[in-house]
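Reminder, nothing fancy here: chain letters follow the sequence lines and each chain counts from 1.
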2 protein chains.
Amino acid sequence: MQSQNISDIIEKYLKSILGDSQQIEIKRSEIAELFNCVPSQINYVINTRFTIQNGYVVKSKRGGGGYIRIVKVNLLDDSDVIKDLVNIIGDGIDFNKSLQIIQSLFQEDLLTRRESNLIIASIDKRTLAFEDRQIENIVRARILISILNRLRYDD
Amino acid sequence: MQSQNISDIIEKYLKSILGDSQQIEIKRSEIAELFNCVPSQINYVINTRFTIQNGYVVKSKRGGGGYIRIVKVNLLDDSDVIKDLVNIIGDGIDFNKSLQIIQSLFQEDLLTRRESNLIIASIDKRTLAFEDRQIENIVRARILISILNRLRYDD
DNA sequence: ATAATTAAAGTCAGTATTAGTCAAATTAAA
DNA sequence: TTTAATTTGACTAATACTGACTTTAATTAT
């Protein structure tokens, strides 16, 4: 077996303790200790291997009693379609193009009318009015992508 | 597994004795004694978990026979609450406060779980991460207010 | 009545306990 | 050799806990 770097090993370990359960909760420092690495290595593993693309969602809390929770989500059937849309959006999109995307999602029954309206409200020109038009489109893209990625899985 | 800090435990306890009732009245020192912590910890729990954004209003009295009263408020029939929320949002709000507001709206059935999740995705820290932290909060406030307005039209 | 005492709760700043970020250094792969 | 992935650690941020001090209200003493 090749490439047994620590990140791969930690990844395997986390997946093994995930096992059949839907989610795990770990203490970053404990895992780091266990594998004799710096704590931020755990972040690296999570950021590179437990992404939504791979079907994982991660939540965490700092401070006393803090934790990192890794949740395995099941990607929906339309997940790939949405992924393609995300690629189209790239790192900037204007309001009209966004509207088209939302409308098509609505027509595909991937969004209710109410949901569509809420999203439109959030990426609307007035909501995102900046001095700089370019920034507006960047922010809009980020918001849309974040929402689309959220649509790729249920709770 | 999760939430092993005293604050979370006290929060759960208070919510459990709240139960179905609209309000409870506690003695700070008694609760502190019960959980073997300093009295000001109770203030900490209240200030971080029983705020108006969480859907609670707290009243208290000092001196002999003093108490802390926690009241669960209803967003629907209390227009002052909505006003308070808008005030809190103001022209800048951080992610955590926003999250609390969304959760309250969900608990009051003003948002579905899916809608809540989509909104959370759109105002998430990563989504709105800018060079300037201030801008992040400004945009988040605009999005939230835009959404609140949208909700108003719907009814 | 007024003052002193007692019995609450509030505030705030300091400390402790987590996790996150970022970029430089190193290692592996192409 | 160039590029990509990994490793590291110093610095940052968020959350929780504590205790000394303050404020307010009720009760008791004068």
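Not counting sequence neighbours, the partners of T112(B) by the side chain to side chain contact (heavy atoms under 4.5 Å, CB included) test are R114(B), E115(B). Remark: T51(A) engages N54(A) in a side-chain hydrogen bond (donor to acceptor under 3.5 Å, both in side chains) (not counting sequence neighbours). Residues satisfying the salt bridge (Lys or Arg N to Asp or Glu O under 4.0 Å) test with D124(A), not counting sequence neighbours, are R126(A).
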N/O donor-acceptor pairs under 3.5 Å from side chains in residues 72-88 of chain A, not counting sequence neighbours:
{"from": "S79(A)", "atom 1": "OG", "to": "R152(A)", "atom 2": "NE", "distance (Å)": "2.8"}
{"from": "S79(A)", "atom 1": "OG", "to": "R152(A)", "atom 2": "NH2", "distance (Å)": "3.2"}

Under 3.5 Å donor-acceptor pairs involving side-chain atoms of residues 138-147 of chain B, not counting sequence neighbours:
{"from": "R140(B)", "atom 1": "NE", "to": "I123(B)", "atom 2": "O", "distance (Å)": "2.8"}
{"from": "R140(B)", "atom 1": "NH1", "to": "I93(B)", "atom 2": "O", "distance (Å)": "3.1"}
{"from": "R140(B)", "atom 1": "NH1", "to": "E136(B)", "atom 2": "OE2", "distance (Å)": "3.4"}
{"from": "R140(B)", "atom 1": "NH1", "to": "N137(B)", "atom 2": "OD1", "distance (Å)": "2.9"}
{"from": "R140(B)", "atom 1": "NH2", "to": "I123(B)", "atom 2": "O", "distance (Å)": "3.2"}
{"from": "R140(B)", "atom 1": "NH2", "to": "E136(B)", "atom 2": "OE2", "distance (Å)": "2.7"}
{"from": "R142(B)", "atom 1": "NH1", "to": "T127(A)", "atom 2": "O", "distance (Å)": "2.9"}
{"from": "R142(B)", "atom 1": "NH1", "to": "A129(A)", "atom 2": "O", "distance (Å)": "2.9"}
{"from": "R142(B)", "atom 1": "NH2", "to": "A129(A)", "atom 2": "O", "distance (Å)": "3.3"}
{"from": "S146(B)", "atom 1": "OG", "to": "A121(A)", "atom 2": "O", "distance (Å)": "2.9"}
{"from": "S146(B)", "atom 1": "OG", "to": "T127(A)", "atom 2": "OG1", "distance (Å)": "3.4"}

Exercise answer: donor-acceptor pairs, residues 32-45 of chain B side-chain atoms, under 3.5 Å, sequence neighbours excluded:
{"from": "Q41(B)", "atom 1": "NE2", "to": "S7(B)", "atom 2": "OG", "distance (Å)": "2.9"}
{"from": "N43(B)", "atom 1": "OD1", "to": "R28(B)", "atom 2": "NH1", "distance (Å)": "2.6"}

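Pair assignment for dA30(C): dT1(D), on the basis of Watson-Crick or G-U wobble contacts that are both within less than 3.5 Å.
Two different hydrophobic clusters hold Y67(B) and I31(B) under the rule that ILVMFWY side chains link at heavy-atom gaps under 4.5 Å.
Nucleic acid contact for R49(A): sugar-phosphate only, since backbone atoms but no base atoms lie under 4.0 Å from a heavy atom of the residue. Within the 4.0 angstrom heavy-atom criterion, no nucleotide atom of any strand lies near I42(A).
Screening residues 47-70 of chain B for salt bridge (Lys or Arg N to Asp or Glu O under 4.0 Å) gives D8(B)-R49(B), E11(B)-R49(B), E25(B)-R69(B) as the qualifying pairs, with residues at least two apart or on separate chains.
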Subject >> Nucleotide-resolved protein contact map, nucleotides 12-24 of chain C, B/S/- at heavy-atom distance under 4.0 Å >> reply: -----BBBBB---

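The nearest whole Å value for the distance from the CD atom in E33(B) to the P atom in dA9(C) is 12 Å. Residue Y44(A) contributes atom OH, which lies 18 Å from atom P of dA25(C) at whole-angstrom precision.
In the 5' to 3' direction, nucleotides of DNA chain D lying under 4.0 Å from heavy atoms of chain B begin and end at dA14(D) to dA26(D).
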